[in-house]
Number of protein chains: 2
Amino acid sequence: MGIESTETRMFLQLDAEKQQRVLEAAIDEFSDRGYEKASMNVIVQKAGISKGALFKYFGSKSGLFAFVYRIALNHVKDYLRTVRDKSQDENFFRRLEKIMAAGVDFVHRYPGLARIYYHIIFTGDSPYKDEILKELHRESLKFIQSLIEDGIQQGDIRPSLDPKTTAFVLECVLDRFLQAHHLQFLDHSLRLHGASAEESNQWIQEIVELFKRGLENDSKKSREVDK
Amino acid sequence: MGIESTETRMFLQLDAEKQQRVLEAAIDEFSDRGYEKASMNVIVQKAGISKGALFKYFGSKSGLFAFVYRIALNHVKDYLRTVRDKSQDENFFRRLEKIMAAGVDFVHRYPGLARIYYHIIFTGDSPYKDEILKELHRESLKFIQSLIEDGIQQGDIRPSLDPKTTAFVLECVLDRFLQAHHLQFLDHSLRLHGASAEESNQWIQEIVELFKRGLENDSKKSREVDK
DNA sequence: TTATAGAATGACCACCTGGTCACCAATAGA
DNA sequence: TCTATTGGTGACCAGGTGGTCATTCTATAA
């Protein structure tokens with residue numbers, strides 16, 4: 001498949017400090033400028049290696065990007081899976097809160113990877129564009145829809161809801177919410193950029209409350225679980 | 001101000017067919033590739049003029065972009081103002097529907113301008129970045145907040161709502177909804193790309209219904225106006 | 001110590017960009 | 001006819017890109 005990462009044995013055999021240095025330089029440049037505008041010359045400079053060496057490690061710019069993208073995607077999958085599994089027994093709205101909070105944590109813990117991930121989501125800026133985007137959106141959709149299905153099954157949200165509409169609305173709010181944490185120009189109403197965890201959590205509460213009213217299953221009061 | 005368009009008298013004195021041709025070439029290239037990646041060489045080729053002439057008409061790439069951006073912004077302002085004024089007497093949710101429908105109309109009628117406008121909104125890709133983004137977001141926020149304030153004043157939505165949260169949620173759903181009409185990679189759940197006006201309207205109904213439940217003022221039944 | 005294999009280097013390449021300006025063509029006015 | 005002005009051209013420029021590869025360096029084994 002086109003988006004296979006192409007790090008060579010040579011790269012994998014470097015000492016850990018050098019691998020780390022190269023990886024950080026790449027994340028830095030790709031997160032700052034996206035795929036197309038990122039410059040291998042800049043990455044080389046930041047990493048303190050020769051350009052020829054970098055091309056030996058990854059074959060091409062797209063190969064290097066694929067390597068970084070995979071790391072970002074795996075981190076996203078990890079945090080989503082972790083929070084989903086840990087919140088299995090909670091109600092839909094509580095789960096939604098936790099997913100948003102985990103997203104904020106991800107953005108704060110791995111700012112570079114988060115920027116790369118969301119830049120791809122919003123702009124499609126990547127090599128092998130179709131495959132990467134298909135993969136990203138398949139993952140995202142699968143996750144949100146399973147959450148909604150669980151919520152309907154557990155009686156937290158109305159069975160009459162159209163799952164597609166609900167997934168659409170949830171997804172765009174979640175994406176924008178997280179993106180506003182690191183893209184200041186999108187952050188004109190909630191001041192999420194630079195917000196403390198507590199402030200972000202305030203906003204999470206408010207947003208989820210809004211969704212609660214809109215989605216809640218009246219005929220079966222939403223299960224409350226100890227907070 | 002930095003974002004003043006810089007079309008020269010020379011451009012304005014061209015015959016209308018040539019002006020149109022140059023403008024279309026620019027819209028085509030900027031909408032396809034955004035500001036930074038758009039190539040003056042490509043625009044020149046598409047317009048069938050010399051590069052020197054193009055630089056005489058607009059001074060620079062940023063000058064040309066400012067010209068095009070202004071046209072896009074004016075179109076957006078126009079449709080928003082028109083739909084807001086025409087729906088002055090309707091309830092909040094009906095207004096929301098009409099605004100979304102007008103947005104879909106804008107996207108269909110001026111696909112190039114819509115792409116340019118939303119690309120700036122989502123990526124900030126433009127010259128004089130701070131000024132343009134400030135202007136865009138000021139307009140957007142002003143519009144949505146005035147809509148919400150009207151809705152609260154008329155008793156359609158709850159006064160207890162936090163206007164910021166509500167504006168945030170509305171804005172990201174509206175933006176994503178419109179963007180999905182022309183960015184296929186964002187269009188994985190609703191199939192808006194290539195949707196008929198009727199299909200889009202179906203989705204609008206569903207989305208607004210969701211918001212209605214979430215926002216509606218219980219103590220004063222939302223005013224129904226003949227549909 | 002020498003030879004070899006592997007790793008690394010950086011000058012070079014073709015291609016692309018936004019922008020410049022000497023030159024040319026057309027037109028109007030004297 | 002000559003001159004001045006306006007409009008237009010495209011070769012050229014400096015700077016940047018991703019990528020290549022002849023050469024050099026380094027580590028290891030014999």
Side-chain angles (χ1 to χ4, degrees), chain A residues 2-3 5-23 25-30 32-69 125-129, chain B residues 2-3 5-23 25-30 32-69 125-129:
Chain A
I3 50 176
S5 68
T6 52
E7 76 279 8
T8 57
R9 202 178 57 113
M10 201 187 297
F11 178 72
L12 295 174
Q13 284 179 339
L14 295 179
D15 72 63
E17 188 272 333
K18 189 166 182 180
Q19 279 190 35
Q20 189 63 18
R21 208 166 75 231
V22 171
L23 178 61
I27 289 172
D28 204 38
E29 179 67 3
F30 284 130
D32 191 35
R33 304 176 73 192
Y35 171 67
E36 296 256 5
K37 295 206 57 209
S39 161
M40 297 297 262
N41 289 324
V42 170
I43 291 168
V44 154
Q45 203 170 36
K46 283 177 179 177
I49 60 170
S50 71
K51 191 150 66 158
L54 189 61
F55 279 96
K56 282 210 183 207
Y57 302 156
F58 295 103
S60 62
K61 186 180 177 181
S62 59
L64 176 58
F65 189 81
F67 179 65
V68 173
Y69 152 76
D125 179 17
S126 57
Y128 315 111
K129 193 160 167 172
Chain B
I3 50 175
S5 69
T6 53
E7 77 280 7
T8 57
R9 205 178 54 114
M10 200 187 298
F11 178 72
L12 295 175
Q13 284 180 338
L14 295 180
D15 72 63
E17 186 274 332
K18 190 167 182 177
Q19 280 190 33
Q20 189 64 13
R21 207 166 76 232
V22 171
L23 179 60
I27 289 173
D28 204 37
E29 179 67 3
F30 285 129
D32 190 35
R33 303 176 74 190
Y35 172 68
E36 296 255 8
K37 296 211 53 213
S39 160
M40 294 299 261
N41 289 324
V42 169
I43 291 167
V44 153
Q45 204 169 34
K46 283 177 180 178
I49 60 171
S50 70
K51 194 152 62 160
L54 189 61
F55 279 96
K56 282 204 186 216
Y57 301 155
F58 296 103
S60 63
K61 185 179 177 180
S62 59
L64 176 58
F65 189 81
F67 179 65
V68 172
Y69 152 76
D125 179 15
S126 58
Y128 315 109
K129 193 162 168 173

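As the structure is a computational prediction, the values presented were derived from the model and not from experiment.
Side-chain atoms of B:K61 come within 3.5 Å of backbone atoms of B:A38 as a donor-acceptor pair (strictly under, hydrogens ignored). One N or O on the side chain of B:E29 and one on the backbone of B:S39 form a donor-acceptor pair closer than 3.5 Å.
Comparing A:G52 and A:K37 by the nucleotide of DNA chain D whose heavy atom lies nearest to each, the residue mapping closer to the 5' end is A:K37.
Taking atom CE of A:M10 as the reference point, atom C1' of D:dA27 lies 14 Å away to the nearest angstrom. Atom OH in B:Y57 sits about 11 Å away from atom C1' in D:dT9, given to the nearest Å. One interatomic measurement links the two molecules: CZ of A:F65 to P of D:dT17, which rounds to 17 Å at whole-angstrom precision. Rounded to whole Å, the distance from CD1 on B:I49 to P on D:dG8 is 8 Å. Rounded to a whole Å, the CE atom of B:M40 is 15 Å from the C1' atom of D:dG10. Separating the CG atom of B:D15 from the P atom of D:dG8 is a distance of 9 Å, rounded to the nearest angstrom. Taking atom CZ of B:F55 as the reference point, atom C1' of D:dG10 lies 13 Å away to the nearest angstrom. Across the protein-nucleic acid pair, B:K56 atom NZ and D:dT9 atom C1' stand 10 Å apart, rounded to whole Å.
Between B:A25 and B:K46, the closest heavy-atom pair is CB-CB, 3.6 Å.
If you check every strand for non-hydrogen atoms under 4.0 Å, B:L54 touches nothing. Contacts of A:K18 with the nucleic acid, taken as non-hydrogen atoms under 4.0 Å apart, involve only primed sugar atoms and P, OP1 or OP2.
The nucleotide range of DNA chain C contacted by chain B, defined by atoms under 4.0 angstrom from heavy atoms of the protein and reported 5' to 3', is C:dT17 to C:dC21.
Side-chain N/O atoms of B:Q13 include none lying less than 4.0 angstrom from OP1 or OP2 on D:dT6.
Under the 4.5 Å side-chain criterion, counting only non-hydrogen atoms from C-beta, B:I43 is in contact with B:L64.
In this pair, B:Y57 and B:F11 present their aromatic rings tilted. The plane angle is within the 30 to 60° band. Ring planes of A:F30 and A:F65: perpendicular class, angle over 60° (limits at 30 and 60°).
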Check your understanding: Between A:K37 and A:D125, is a side chain to side chain contact (heavy atoms under 4.5 Å, CB included) present by the stated rule, with each step listed?
Key -> CA-CA 9 Å; A:K37 295 206 57 209; A:D125 179 17; over 6 Å; no
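One can find a donor-acceptor pair under 3.5 Å joining the base of D:dG19 and the side-chain atoms of A:K51.
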